[in-house]
Enquirer: 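Mind having a look at this structure? Questions to follow.
Both backbone and side-chain heavy atoms feed into the values below; hydrogens, waters and symmetry mates do not. Treat the numbers as computed from the prediction; the structure is a model and nothing was measured. Proteins get letters first, then strands, A, B, ... in listed order; numbering begins at 1 in each.
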There are 2 protein chains.
Amino acid sequence: MPKSDSKRITLEDVAREARVSAQTVSRVVNNHPYVSADTRRRVQDAIRKLDYRPNRAARNLATQRSCMVGIISFGMTHYGPAQMVNHIERTARTQGYGVSLSTVSTFSFDDIRRAMDDLGDRSVDGVLFISPVTGADYDDFAHICGGVPFVLIDTQLGAQMPSVVIDQRYGSQLATRYLFDLGHRAISAISGPLDWFGAQARHQSWLDTLAAAGIEPGPALEGDWTASSGYRKTRDLIKSGATFTALVAGNDQMALGAIRALREAGRRVPEDVSVVGFDDIPEAAYFDPPLTTIRQDFAALGKQSVEYLMALIAQPDLPLHQRVLYPVFVARQSACKVGSDE
Amino acid sequence: MPKSDSKRITLEDVAREARVSAQTVSRVVNNHPYVSADTRRRVQDAIRKLDYRPNRAARNLATQRSCMVGIISFGMTHYGPAQMVNHIERTARTQGYGVSLSTVSTFSFDDIRRAMDDLGDRSVDGVLFISPVTGADYDDFAHICGGVPFVLIDTQLGAQMPSVVIDQRYGSQLATRYLFDLGHRAISAISGPLDWFGAQARHQSWLDTLAAAGIEPGPALEGDWTASSGYRKTRDLIKSGATFTALVAGNDQMALGAIRALREAGRRVPEDVSVVGFDDIPEAAYFDPPLTTIRQDFAALGKQSVEYLMALIAQPDLPLHQRVLYPVFVARQSACKVGSDE
DNA sequence: TTGAAATCTGCTAACGCTAACATAATAACA
DNA sequence: TGTTATTATGTTAGCGTTAGCAGATTTCAA
């Protein structure tokens, strides 16, 4: 079998085959009214017969739109971004939009600009940023997007940006207060990388919640979201002589690493140390012990950001705002009353 | 600040500003030789001044290429696909290619065809399938791709397809033989969904390896890759009265679920039951006990498939072949000698 | 019957870019 | 000094599609 048909079939070819004008074929392809049933059928037959497929580039050029949204994301090694990309793609698809992906590996604005250029300026109708950059405001984004509507995901709460965020402060409050209510007063933390807004917000809220409760925050260290870092940092914490009866991990993976480090140091979880994570990854319920955590609805985050972006594309003058989603507390067995020995 | 500049800047605008022809601007943009240093600088200044960005659609139309590769994948809820998409994007980017994503949720060929249509025929220069479909041969794929080169990832070993695969049979052999060598003779399995080639291959090889060793395979059940299914199926296995001293799980997540189910049934891991997983996800080393598993190099899989696809794009008549990668065995603590009680 | 509205189809001109050729200026060689 | 390469720029003609207008035909009401 030949692997390429050498000649691409165009509207013109179909038109000749169906004995109509190219314009009429275009009408059929685009479901315009004002095409007689008979003609429509003839054209459709010709399309099928010749295996015609419209040329996107030509259509994009003529219509000035691409029906593509771009995603600029921090890789997909992390659970959250991968989940979001997944749901964004699905949602966009149902709205007739395709998805073009570009990942960045640093937080530098230059890198993001490069990603945007790679995305092919003007080749996307809108852009979604899954990129918790620091030190950039609306105008910065607007400039690199060059007039293309954009929505930021999981960025600074309260920022004057078109964005969809999860209220991380609230989530962290939930976690910390839960531990407090269980009687814990020596609460340490392994945060995510603090140049991520999410990590930063969770950490700050942890500090604030403790302050509000009138207790000193325990020693805290910064991880990088991986189980490995959770393990290493917790070991460091223990080695440094820190005493704590509860630990808030920046995400579930780090919580897993932390639990292992605690075990190795002879501390039982949750009897000696209670551990709380963030995200509620599908595996969290099967950790040992099943992890108490703060669930983030990444699916909703992805879905809503696409919907918002679509609205912005359809109506660029829409007033910008921030949509806020709230995480929910999931109690399992990795945290218990301080001093419990059941 | 205005959010859109209403008028898009074209080559013509830049040409006027720099007092050269549009063609010369095009030459500068595309780094053609034969542009004097002086002119080049003048054009670049004009580009910067006007914040000109080339129109992809127009370029695609004129050059007949898009510098985009499509990925058709089974979502990214699973670790493997997400990893691959990640590395594919990175590799493609370094070669000057962008990535367009389309996911499918069923194995039906129609669904894949739809995904391909969504990808925008002719709007990608090549396609990567992360889609272990059953019952489709080269011609089927060639047809829906309509002359666009494609590479299949993680498909049937030995199939006459342009593809990059991991030798799952070998990996499964490694796992099973390891358990056998530890003295296990009652070995059960929780496989992945058997309509996935990978799962099927691992499962079949498990059967074959046991047969070769002259022992009966223990009872086996089919999961869906999730920890939850690993848990449920293992519980079913136990409830059904199956006795086994070792369990091969289709991936690490299911191994995690299995371990939890075993614990709840009062069986220790690995003293009573040894467990082996597949993939070596980053968390596996921090499971309790750290998981013995078969590492899949998804990064290499992604990278190689892109490289192969690029070669195919550059030279469509390249003889088709299958690249095979081999998994490696990673010994940790979830499996030990049968009857050990240390 | 007559005009007006509705329905159907075709023509022409973009959309913004690049390939290919044509031209002009400069350098290189015998 | 002419002949040929080399470098630098402009001109023309598409790439395959859709928008917008212009006819042509049919339907409907007065």
Side-chain angles (χ1 to χ4, degrees), chain A residues 5-44 46-47 50-68 120-125 146-147, chain B residues 5-44 46-47 50-68 96 120-125 146-148:
Chain A
D5 323 290
S6 69
K7 219 174 266 169
R8 14 188 63 115
I9 307 293
T10 74
L11 269 190
E12 216 69 53
D13 298 319
V14 178
R16 207 171 308 118
E17 173 77 22
R19 315 177 121 273
V20 294
S21 73
Q23 184 54 229
T24 299
V25 179
S26 168
R27 288 199 185 93
V28 172
V29 171
N30 294 289
N31 276 316
H32 278 292
Y34 298 164
V35 178
S36 73
D38 179 56
T39 308
R40 171 164 276 132
R41 216 169 23 72
R42 242 180 31 252
V43 170
Q44 278 162 344
I47 288 177
L50 300 178
D51 193 26
Y52 164 74
R53 329 224 183 153
N55 179 315
R56 275 276 179 125
R59 178 181 292 178
N60 292 167
L61 182 58
T63 58
Q64 307 278 49
R65 351 177 298 139
S66 65
C67 285
M68 274 272 168
D121 310 76
R122 300 287 176 193
S123 79
V124 292
D125 295 341
Chain B
D5 325 288
S6 68
K7 217 173 270 173
R8 19 186 58 115
I9 308 292
T10 74
L11 268 191
E12 216 69 53
D13 299 320
V14 178
R16 207 170 309 116
E17 172 77 22
R19 314 177 120 272
V20 294
S21 73
Q23 184 55 230
T24 298
V25 179
S26 169
R27 288 200 184 92
V28 172
V29 170
N30 293 289
N31 275 316
H32 277 291
Y34 299 164
V35 178
S36 72
D38 179 56
T39 307
R40 170 163 278 131
R41 215 167 25 70
R42 237 176 40 248
V43 171
Q44 277 163 344
I47 288 177
L50 301 177
D51 192 26
Y52 164 73
R53 329 223 184 154
N55 179 316
R56 273 277 179 126
R59 178 182 293 179
N60 293 167
L61 184 56
T63 58
Q64 306 279 50
R65 352 179 293 140
S66 64
C67 284
M68 275 271 171
D121 311 75
R122 301 284 177 196
S123 79
V124 292
D125 296 340
V148 176

Enquirer: Just how far, in rounded Å, is C1' of dA19(C) from CZ of Arg65(B)?
Expert: 13 Å
Enquirer: Kindly compute the distance separating CZ (Arg42(B)) from CD1 (Ile47(B)), expressed to the nearest 0.5 Å.
Expert: 12.5 Å
Enquirer: How long is the straight-line distance from CG of Asn55(A) back to CD1 of Ile9(A), given to the nearest 0.5 Å?
Expert: 12.5 Å
Enquirer: Look only at the side chain of Asn30(A) and the backbone of His32(A), and say whether a donor-acceptor pair between them is shorter than 3.5 Å.
Expert: no
Enquirer: Measure the CD-CG distance between Gln23(B) and Leu11(B) for me, rounded to the nearest 0.5 Å.
Expert: 8.5 Å
Enquirer: Could you tell me whether Asp51(A) and Arg53(A) make a salt bridge, using a distance below 4.0 angstrom between a side-chain N and a carboxylate O?
Expert: yes
Enquirer: Under a 3.5 Å distance rule, please check whether Ser66(B) uses its side chain to pair with a backbone N or O of Ser123(B) as donor and acceptor.
Expert: yes
Enquirer: Any side-chain to backbone donor/acceptor pair from Asp125(A) onto Arg65(A)? Under 3.5 Å, distance only.
Expert: no
Enquirer: Return a single string for nucleotides 8-18 of chain C, one symbol per nucleotide in 5' to 3' order, where B is base contact, S is sugar-phosphate-only contact and - is none, cutoff 4.0 angstrom on heavy atoms.
Expert: BBBB---BBBB
Enquirer: Could you go over nucleotides 23-27 of chain C and give all protein N or O partners under 3.5 Å, atom names and distances?
Expert:
none

Enquirer: Under the side-chain contact (heavy atoms from CB on, under 4.5 Å) test, which residues partner Glu12(A), sequence neighbours left out?
Expert: Thr10(A), Arg16(A), Ala22(A)
